[in-house]
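Letters A, B, ... are given to chains in the order of the sequence lines, protein chains preceding strands, and every chain is numbered from 1.
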Amino acid sequence: MSQDTTISLKVEFGGGLELLFSNKRSHQLTVPATVPKSTEDNATKQADITFLIRYLRDNLLQERQELFMENETVRPGILVLVNDTDWELEGEGEYVLKNGDEVVFISTLHGG
Amino acid sequence: MPPRTCALCSTSRAMLKRPKTGQQICKECFFTVFETEVHNTITRAKLFKPGDRVAIGASGGKDSTVLAYVMKTLNERYDYGLELFLLSIDEGITGYRDDSLETVKRNQQQYSMPLKILSYDELYGWTMDGIVAQVGRKNNCTFCGVFRRQALDRGASMLSVDHIVTGHNADDIAETVLMNIMRGDIARLGRCTAICTQGEDTIKRSKPFKYAYEKEIVMYAYFKKLDYFSTECIYSPDAYRGHARVFLKDLEAARPSAIIDIIHSGEAFEVREEVKATQKAQQTCKRCGYISSNDLCKACVLLEGLERGMATAGITDRGRKKLDAEGPAPDNLRTIPFYTAGAAPAVSVGPD
Amino acid sequence: MADCGNPNVEQDALMQRRKKYDRTRQCVKCHDQLGNVVIRHAVYCKGCFFPTVVGKFRRVLEPSISKDKSKKGLKATGNLCLAFSGGLGSSVLLDLIGSNYFAAEGDAGHDWSRGRGGGTEHPRNEPVWEHATVCYVEVCNAIPGARDRTEEIRQIVSRLASYAKFLPLRLEDAFDHAWWERVGRSKPHGQLFVDLGHQDLLLSIRNTSSSPVAALKAYLASLPTQTAVPTAIHNLIRLLLLHTAQLTNSSHLLLGTSLTSLSISLISSIAQGGGFVVREEAQENWQPDSTSSQKVAVSRPLRDVGMKECAIWAWWRGLEVVGKENYLGGKQGIGALTKGFIIGLERDYPSTVSTIARTCAKLAPKEASDGLCTLCERPVQPGVQDWKERISIRQFDEKAAIARSQPGLIQRLCYACHTTLTSPSSRGGVGQSAIDAVQLPVWVESRVLGSDEMKDVVAEFLLDDED
């Protein structure tokens with residue numbers, strides 16, 4: 001089986017989160033399939049949602065980091081759907097991303 | 001800027017800002033309002049009558065030290081006519097309890113009150129150090145809380161006292177109200193703001209510091225230079241209660257009256273009639289005679305679990321089932337001595 | 001006292017950290033499909049999610065609607081008033097009401113609703129409510145730098161609730177006699193002012209020509225602490241909505257409070273001394289005054305539906321949610337602190353939120369009330385002032401008793417409102433300098449001057465024209 005080196009994803013933001021991401025609701029992304037486990041050692045892992053969250057913060061987030069991310073995961077009050085399914089059913093941050101996946105981040109906090 | 005004058009006496013210079021009201025007052029007036037409020041709490045609730053023998057639950061910590069001091073002061077100032085005792089429980093926590101017991105012994109000298117010390121070891125055959133060694137740090141507070149409650153009652157019974165007072169302050173009670181709502185403990189919620197609780201077979205237990213802010217207790221002890229032991233129990237885990245405590249502190253910072261406001265809320269409601277009917281009635285433990293909602297009281301269940309090597313017996317349903325599945329308790333199981341409130345002969349309590 | 005010193009220690013010192021969901025990934029309702037979403041340990045597929053939410057919604061709402069005697073459906077005694085803040089809950093509320101009670105015949109895509117008329121299948125049923133009004137209160141004049149969103153909200157509501165009429169209000173209407181007359185109340189005598197600097201909250205009547213906006217700002221600026229502002233705004237909004245419900249002849253005023261929001265407001269209310277009215281936080285019946293026969297049932301049909309469910313609902317239904325205006329007074333308001341606390345807990349202990357609501361539903365006030373609070377119109381517990389004075393000694397002499405002969409607001413407030421108006425923070429008040437007496441909302445004046453005894457006493461203190 002051929003191994004893709006990148007993964008193509010659709011990421012959407014709802015519930016006001018889009019305001020933090022250039023006011024755009026829908027984003028098409030390409031991310032590497034294998035990523036470093038941490039900044040310390042050379043070990044790698046397959047790109048998962050934990051990586052995606054950090055990636056979004058580092059590359060797409062325009063402002064107010066703390067409204068999106070907290071302690072290496074999403075801030076309390078933000079829901080995550082993977083292909084229309086609750087990420088709690090898919091292993092949360094450990095879900096390994098596949099080509100064509102749609103990941104949605106919805107904030108329930110709406111203006112504080 | 002000219003020095004402010006005390007908002008209460010309008011004479012002396014204001015030295016501190018009262019945490020409870022924000023008023024800027026002098027030291028003497030602070031002592032007066034603090035003591036008078038406790039006096040009002042006591043008289044309003046008609047807690048005592050002349051001749052009562054009252055045991056002060058003394059841990060050596062600031063709450064119980066200040067309580068002993070204030071009770072003695074008020075007893076003399078207002079002629080309550082009470083006989084006061086210090087009652088201390090030794091949970092058997094090396095380092096922590098030894099030091100705080102030394103403080104209690106000093107308090108005994110300083111306030112000239114008789115002191116009785118009762119230990120978990122003599123009562124249950126287990127120290128907290130031993131319990132933690134068996135069950136770990138996750139559920140040890142459950143054991144300590146249950147054992148301590150019984151120990152206070154038994155100690156008071158040995159002293160033949162009519163009343164136990166503990167140093168629970170306003171912060172404790174506000175926190176308990178929030179906790180009970182968050183955990184759905186409707187039975188406790190209905191009782192936790194009562195200043196005086198008494199069960200069928202337990203000694204009256206009151207909290208004269210119910211409306212006293214923890215910060216003010218600390219300030220009182222500081223300005224009066226009272227001797228107390230101020231370290232947290234080393235076995236306190238990061239409990240759910242910790243979350244509620246942080247929240248309460250944030251509320252207090254936003255609005256100092258929040259603590260009293262929560263207590264007021266707690267006093268304003270009670271459990272609805274139709275819900276009360278579904279609650280368990282109180283009975284006595286078949287093994288040790290202490291008050292219980294079931295055949296065996298909590299302490300006896302916990303102790304059996306410890307003795308038979310299944311420490312979670314009293315903690316989780318699964319643990320209990322496992323214990324029961326092992327068969328009935330062996331005949332030579334160590335049990336807690338039988339308890340009857342008020343029936344024990346008075347024990348003389350000379351200096352320890 | 002240290003944790004271990006507390007004989008009241010709980011059964012479990014630690015709340016068990018939950019598992020994410022119970023055992024299986026299959027939908028607990030149909031046992032057929034794989035689940036799409038986890039709601040408090042239970043797994044639901046997309047198809048079952050919708051009817052589950054609708055079911056919870058109707059079970060809360062419909063008991064308060066009377067049955068139509070001749071037919072088998074439900075028929076309310078008046079119209080319907082819906083409160084809309086722009087937030088998630090109110091948006092979901094408008095959607096649910098629309099598709100369950102105002103759906104056009106042959107409306108496709110609503111296969112999970114049972115049609116009109118709330119219960120019977122007959123297509124030509126009479127609607128439960130004849131008319132619906134969506135009411136929005138604009139608060140921009142209370143928040144420095146906020147913009148007026150009325151028109152934006154009007155557009156949103158026209159899309160979310162085309163079945164309803166849009167009725168915008170403004171927060172300053174609470175101080176506007178013209179508004180008071182519009183809702184059908186009597187012409188006032190002058191404006192009622194209160195001196196928040198005096199501990200007895202002395203009252204006076206003045207004639208002033210300052211605008212409602214100025215009166216609103218002065219009122220909020222004179223509060224003893226910044227943390228009181230959100231509560232004060234919340235109370236004003238509530239009364240504005242109640243009177244609007246009455247104006248529109250509505251038998252029901254519905255709010256979009258979710259289970260999460262309800263728990264937050266319950267704890268927040270308890271933290272401000274509102275334990276006496278804990279039941280009213282969930283739902284209440286209100287009437288304009290004791291002589292009126294019209295009653296408005298205030299209900300929160302989403303109170304068993306968590307915030308997560310609302311968010312998923314809104315996302316899957318494609319609802320546009322514009323968001324609520326943030327008037328929580330910064331991070332230090334009681335409401336904001338509570339919200340942060342609860343939302344943080346909900347992620348790790350998701351049953352906390354429902355436990356709070358369930359526990360509070362089992363509570364009732366210990367004693368009977370002896371009247372309504374003039375500011376928030378909820379039941380007042382007797383002896384509030386005595387209790388406060390006993391618990392915190394603020395003066396040594398009996399000055400208090402003498403001052404009481406003057407008319408003060410102090411006798412007519414519930415504990416929570418009194419706390420809002422008088423309890424300070426360590427940081428000092430909202431306004432910079434000592435504020436003169438401020439105008440009170442128009443309904444307070446009506447209640448206070450309504451009593452004859454009050455009128456006579458106050459007449460002595462009538463001041464000359466100001467401003």
Side-chain angles (χ1 to χ4, degrees), chain B residues 8 20-23 33 36-37 40 44 59 61 63 91 138-139 141-142 144-145 148-149 152 166-169 172 176 179 181-186 188-189 192 211 232-233 235-237 239-241 243 247 250-251 254-258 260-262 264-266 268-272 275 315, chain C residues 1-15 225-228 266-267 269-278 332-334 337-338 340-341 344-345 349 352 355-356 358-360 362-367 381 387-388 390-396 415-416 419 423-426:
Chain B
L8 286 172
K20 196 174 186 181
T21 59
Q23 276 184 324
V33 283
T36 309
E37 280 173 10
N40 286 346
R44 184 78 188 200
S59 64
D63 297 304
E91 299 102 341
K138 201 168 138 183
N139 292 310
C141 276
T142 305
C144 195
R148 186 185 167 78
R149 171 168 262 280
L152 272 179
T166 54
H168 290 90
N169 57 47
D172 293 322
T176 304
M179 285 281 298
I181 293 178
M182 293 185 327
R183 287 179 18 241
D185 195 336
I186 202 76
R188 288 214 174 91
L189 187 58
C192 65
Y211 300 113
E232 285 283 306
C233 174
Y235 289 136
S236 303
Y240 196 57
R241 189 175 268 272
H243 290 280
F247 175 52
D250 287 342
L251 283 177
R255 185 189 278 177
S257 70
I260 292 292
D261 297 337
I262 293 174
H264 180 81
S265 288
F269 51 59
E270 61 178 8
V271 182
R272 283 166 57 180
V275 178
I315 314 275
Chain C
M1 255 176 130
D3 276 338
C4 285
N6 186 350
N8 279 337
V9 149
E10 54 274 13
Q11 304 282 64
D12 309 313
L14 284 177
M15 205 70 160
T225 161
Q226 189 70 248
T227 62
L266 282 167
I267 297 287
S269 167
I270 284 171
Q272 297 177 66
F276 192 69
V277 294
V278 71
Q332 301 314 310
I334 305 279
L337 286 172
T338 309
F341 173 61
L345 275 184
Y349 308 106
T352 298
T355 304
I356 292 172
R358 238 187 5 251
T359 308
C360 291
K362 293 182 186 164
L363 300 172
K366 247 182 203 154
E367 48 187 337
Q381 187 179 11
W387 192 90
K388 281 198 169 194
R390 242 191 315 122
I391 301 307
S392 311
I393 297 177
R394 281 166 211 269
Q395 59 210 19
F396 283 146
Y415 186 100
T419 303
S423 176
S425 84
S426 38

For B/Arg44, I'd like to know if atom CZ has over 12 heavy atoms of other residues, nucleotides or ligands within 6.0 Å. no
Quick check against the 3.5 Å criterion: does B/Glu37 have a side-chain atom that pairs as donor or acceptor with the backbone of C/Ile393? yes
Nearest 0.5 angstrom please: C/Lys388 NZ to B/Ser257 OG, how far? 6.5 Å
Rounding to 0.5 Å, atoms CZ (C/Arg390) and CG (B/Asn40) come to a distance of 8.0 Å
B/Ala254 and C/Leu337: which non-hydrogen atoms are nearest, and at how many Å? CB-CD1, 3.9 Å
Check: C/Gly274 main-chain N/O paired with B/Ser265 side-chain donor or acceptor under 3.5 Å: yes
Which bit of C/Thr338 is near chain B, if near means a heavy-atom gap under 4.5 Å: side chain, backbone, both or neither? both
Does any part of the side chain of C/Gln381, heavy atoms only, come nearer than 4.5 Å to the side chain of B/His264, both counted from C-beta? yes
Can you check whether C/Ile391's main-chain N or O pairs, donor with acceptor, with B/Lys20's side chain at less than 3.5 Å? yes
Can you say whether C/Ile267 sits under 4.5 Å from chain B via the side chain, the backbone, both, or neither, judging by heavy atoms? side chain
Which one wins on heavy-atom pair count under 4.5 Å against chain B: C/Ser269, C/Ala228, C/Ser423? C/Ser423
Please test B/Asp261 against C/Ile270 for side chain to side chain contact (heavy atoms under 4.5 Å, CB included), starting from the C-alpha separation and ending with a verdict. CA-CA 7 Å; B/Asp261 297 337; C/Ile270 284 171; over 6 Å; no
Is it true that a side-chain atom of C/Thr355 and a backbone atom of B/Arg183 form a donor plus acceptor pair closer than 3.5 Å? no
Among B/Leu251, B/Leu8, B/Val33, which has the most heavy-atom pairs under 4.5 Å with chain C? B/Leu8
Shortest non-hydrogen contact from C/Leu363 to B/Arg272? O-CD, 3.4 Å
Interface moiety of C/Phe276 toward chain B, non-hydrogen atoms closer than 4.5 Å: both
Gap between atom CD of B/Gln23 and atom CZ of C/Arg394 - 0.5 Å precision: 6.5 Å
Please classify the contact between C/Ala416 and chain B as side chain, backbone, both or neither, with a heavy-atom cut-off of under 4.5 Å. neither
Under 6.0 Å between ring centres: does that hold for B/His243 and C/Phe341? no
Nearest heavy atoms of B/Ile181 and C/Cys360, plus distance in Å: CG2-SG, 4.1 Å
Dump the intermediate steps for side chain to side chain contact (heavy atoms under 4.5 Å, CB included) on C/Trp387 and B/Ile260, then the final yes or no. CA-CA 11 Å; C/Trp387 192 90; B/Ile260 292 292; 3.5 Å; yes
Closest non-hydrogen atom pair, B/Ile262 against C/Ala271: CG1-CA, 3.6 Å
Which is it for C/Thr419 and B/Arg255 under the side chain to side chain contact (heavy atoms under 4.5 Å, CB included) test, yes or no, and what are the steps along the way? CA-CA 10 Å; C/Thr419 303; B/Arg255 185 189 278 177; 3.5 Å; yes
